[in-house]
Amino acid sequence: MQRRGLAVRMRFVADLSQCLFDFVIQLLPTAEEMAVKEDVRKLLERLIRTIEPDSRLLSFGSTANGFSLRNSDMDLCCLIDSKERLAATDLVTMLGDLLERETKFHVKPLPHARIPIVKLSLDPSPGLPLGIACDIGFENRLALENTRLLMCYAMIDPTRVRTMVLFLKVWSKRRKINSPYKGTLSSYGYVLLVIYFLVHVKNPPVLPNLQQMPPLRPITTEDTHLAGYNTWFFDDIELLRQRWHSDNTETVAELLIDFFRYYSRDFPYNTGVASIRTGLLKKELKGWQNDLSGGRYNDSRERNRLCIEDPFETDYNVARCVTKDGLYTIRGEFMRAARVLSTRPERAIIALAELCE
Ligand code: ATP
Ligand code: MG
């Protein structure tokens with residue numbers, strides 16, 4: 001009887017892996033969507049150069065790190081290579097006016113936001129049936145680097161890492177726990193939770209720690225630091241593939257089930273900080289205890305319920321927007337997912353549908 005139960009479970013897990021691949025593949029952006037987005041980037045770059053001739057417009061976030069889903073927004077970063085450049089607030093205002101005059105975008109310049117950006121959106125068209133949403137920021141070089149870091153992690157084990165991340169992005173959006181503005185976690189936060197789990201929780205690890213590997217040649221602080229933060233990581237993925245391989249042979253379904261179990265039961269939310277650079281850290285050591293007094297943020301919301309250290313800006317909690325209620329909901333969803341995957345052993349496809357309903 002017990003052996004039969006085990007066989008059923010093993011078949012469920014194998015089916016679930018296949019269902020996960022099939023599920024995420026149909027949600028990937030089409031080649032046409034990617035081409036339209038690239039055209040949009042080039043058009044915007046050409047227009048920005050009429051204001052700042054020495055500028056480049058680069059993609060970051062999911063469009064650039066391999067974790068893009070159909071109709072993902074576009075995150076763009078404008079880099080200006082000349083020393084004499086306009087202040088970001090002026091540039092945002094001027095660019096907003098220009099784009100309003102010259103394009104069909106709906107334009108919303110936010111020159112006085114903490115990080116000045118221009119928000120754009122485009123109505124649906126045949127190439128983009130759901131339209132497009134895009135944010136243009138300025139000089140955000142750390143975001144370009146963290147995008148590159150996530151892309152390198154995805155490249156080490158594309159099948160397992162990309163499938164897990166893409167599934168969790170869809171799942172968190174469908175379950176409505178992917179809105180920093182409403183007190184839950186950004187996609188970037190979920191991706192960091194996955195990488196933390198694969199580098200530091202799984203034993204043997206699925207991924208190496210790219211930020212702690214020995215460099216191939218001596219490096220200086222000048223080479224590695226950006227805005228005062230150490231942004232070095234081992235990025236020669238071809239070489240890494242030759243020299244490093246994971247002894248972890250778990251399937252994507254096994255990893256996902258364990259991911260939900262770990263974050264519903266084992267992660268020490270009250271005291272711990274998930275750091276992909278260092279492993280599990282203590283809130284106390286980082287000065288990230290729940291801050292009810294206002295503190296740095298000077299408002300009554302609690303900023304450190306969930307703590308995820310940014311890989312480069314190590315004094316920055318990526319999950320600072322997660323509220324008490326938000327974390328309660330997120331943990332509830334992790335528990336629900338762990339339960340659905342452990343108590344629906346008949347059909348993987350039904351479990352997956354229930355998980356995302
Ligand atoms: P989606 O497809 O849902 O837009 P994404 O992979 O683009 O997902 P986002 O959450 O939009 O992820 O993040 C895009 C980029 O913005 C990240 O690579 C990161 O550089 C930056 N970013 C987003 N959220 C945060 C945050 N809370 N703290 C710091 N940087 C963030
Ligand atoms: Mg994005």
Side-chain angles (χ1 to χ4, degrees), residues 17 20-42 57-77 128 130 132-135 137 140-174 178 185-199 202 205-211 213 231 233-242 244-246 248 251-253 255-256 259 276-277 308 310-312 318:
S17 283
L20 286 165
F21 296 134
D22 297 344
F23 181 70
V24 298
I25 279 182
Q26 37 130 10
L27 296 170
L28 295 178
T30 59
E32 191 182 10
E33 179 182 330
M34 307 269 273
V36 172
K37 283 184 167 166
E38 179 54 14
D39 287 347
V40 166
R41 189 198 63 76
K42 283 191 191 141
L57 195 60
L58 305 175
S59 282
F60 69 102
S62 61
T63 340
N65 64 20
F67 298 138
S68 177
L69 293 165
R70 208 163 281 190
N71 306 308
S72 285
D73 62 357
M74 272 174 96
D75 301 296
L76 296 172
C77 168
L128 285 166
L130 291 177
I132 204 170
C134 163
D135 289 351
N140 195 354
R141 291 176 196 254
L142 285 167
L144 293 170
E145 284 307 298
N146 68 41
T147 296
R148 218 164 59 77
L149 175 68
L150 300 189
M151 185 188 72
C152 285
Y153 274 121
M155 282 164 66
I156 297 171
D157 190 337
T159 311
R160 292 191 288 181
V161 178
R162 280 189 74 211
T163 307
M164 272 186 89
V165 165
L166 290 172
F167 176 76
L168 282 161
K169 277 176 67 169
V170 182
W171 169 81
S172 62
K173 285 176 204 271
R174 296 230 179 129
N178 181 303
L185 189 61
S186 65
S187 294
Y188 180 56
Y190 285 103
V191 180
L192 294 177
L193 288 184
V194 174
I195 293 174
Y196 173 81
F197 175 76
L198 298 177
V199 174
K202 287 314 303 184
V206 174
L207 293 171
N209 185 339
L210 294 178
Q211 294 176 278
M213 297 187 74
T231 59
F233 63 94
F234 194 97
D235 61 356
D236 190 337
I237 302 303
E238 270 317 303
L239 189 71
L240 188 82
R241 281 216 186 106
Q242 292 161 26
W244 190 90
H245 91 277
S246 170
N248 187 310
T251 62
V252 72
L255 292 171
L256 187 70
F259 173 93
I276 68 166
R277 172 190 287 270
I308 306 172
D310 187 83
F312 303 130
V318 170

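Note that these values count all heavy atoms, side chains included, but never hydrogens, waters or copies made by symmetry.
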Verdict with reasoning, Y196 to I308, per side-chain contact (heavy atoms from CB on, under 4.5 Å): CA-CA 9 Å; Y196 173 81; I308 306 172; over 6 Å; no
[X] (side chain) donor-acceptor with [Y] (main chain) under 3.5 angstrom:
X    : Y    : answer
S17  : T251 : no
T163 : R160 : no
K169 : F67  : yes
T147 : A143 : yes

Holding to side chain to side chain donor-acceptor pair (under 3.5 Å), I want the full list of residues that pass it with S187, two or more places apart in sequence or in another chain.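 Side chain to side chain donor-acceptor pair (under 3.5 Å) check on S187 returns N178.
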Can a donor-acceptor pair be found between the side chains of Y153 and N65 at a distance below 3.5 Å?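 Their side chains do not contain a donor-acceptor pair, so the 3.5 Å distance test is not met.
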To the nearest 0.5 angstrom, please state how far the [atom1] atom of [X] sits from the [atom2] atom of [Y].
X    : Y    : atom1 : atom2 : answer
Q211 : C152 : CD    : SG    : 11.0 Å
I156 : R241 : CD1   : CZ    : 8.5 Å
L144 : C77  : CG    : SG    : 4.5 Å
K173 : Y190 : NZ    : OH    : 10.5 Å
L192 : L185 : CG    : CG    : 8.5 Å
T159 : F21  : OG1   : CZ    : 6.0 Å

Residues K37, E33: salt bridge by 4.0 Å N-O rule: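 Salt bridge flag = yes for E33 with K37.
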What pair of heavy atoms forms the shortest contact from [X] to [Y], and how long is it?
X    : Y    : value
S59  : A64  : O-CB, 3.5 Å
R148 : D235 : NH1-OD2, 2.9 Å
N248 : S246 : N-OG, 2.9 Å
I132 : M74  : CD1-SD, 3.6 Å
V206 : W244 : O-CH2, 3.4 Å
F234 : L239 : CZ-CD2, 4.1 Å

Does some side-chain heavy atom of [Y] sit less than 4.5 Å from a side-chain heavy atom of [X]?
X    : Y    : answer
L198 : P205 : no
P29  : M34  : yes
M213 : L240 : yes
Y188 : D310 : yes
L76  : L58  : no
R277 : F312 : yes
L28  : L166 : yes
L149 : L210 : yes

Run the side-chain contact (heavy atoms from CB on, under 4.5 Å) test on F233 and N209 for me, step by step, so that the C-alpha distance in whole Å, both residues' side-chain angles and the decisive distance to 0.1 Å come before the verdict. CA-CA 9 Å; F233 63 94; N209 185 339; over 6 Å; no
Verdict with reasoning, V199 to I276, per side-chain contact (heavy atoms from CB on, under 4.5 Å): CA-CA 7 Å; V199 174; I276 68 166; 5.8 Å; no
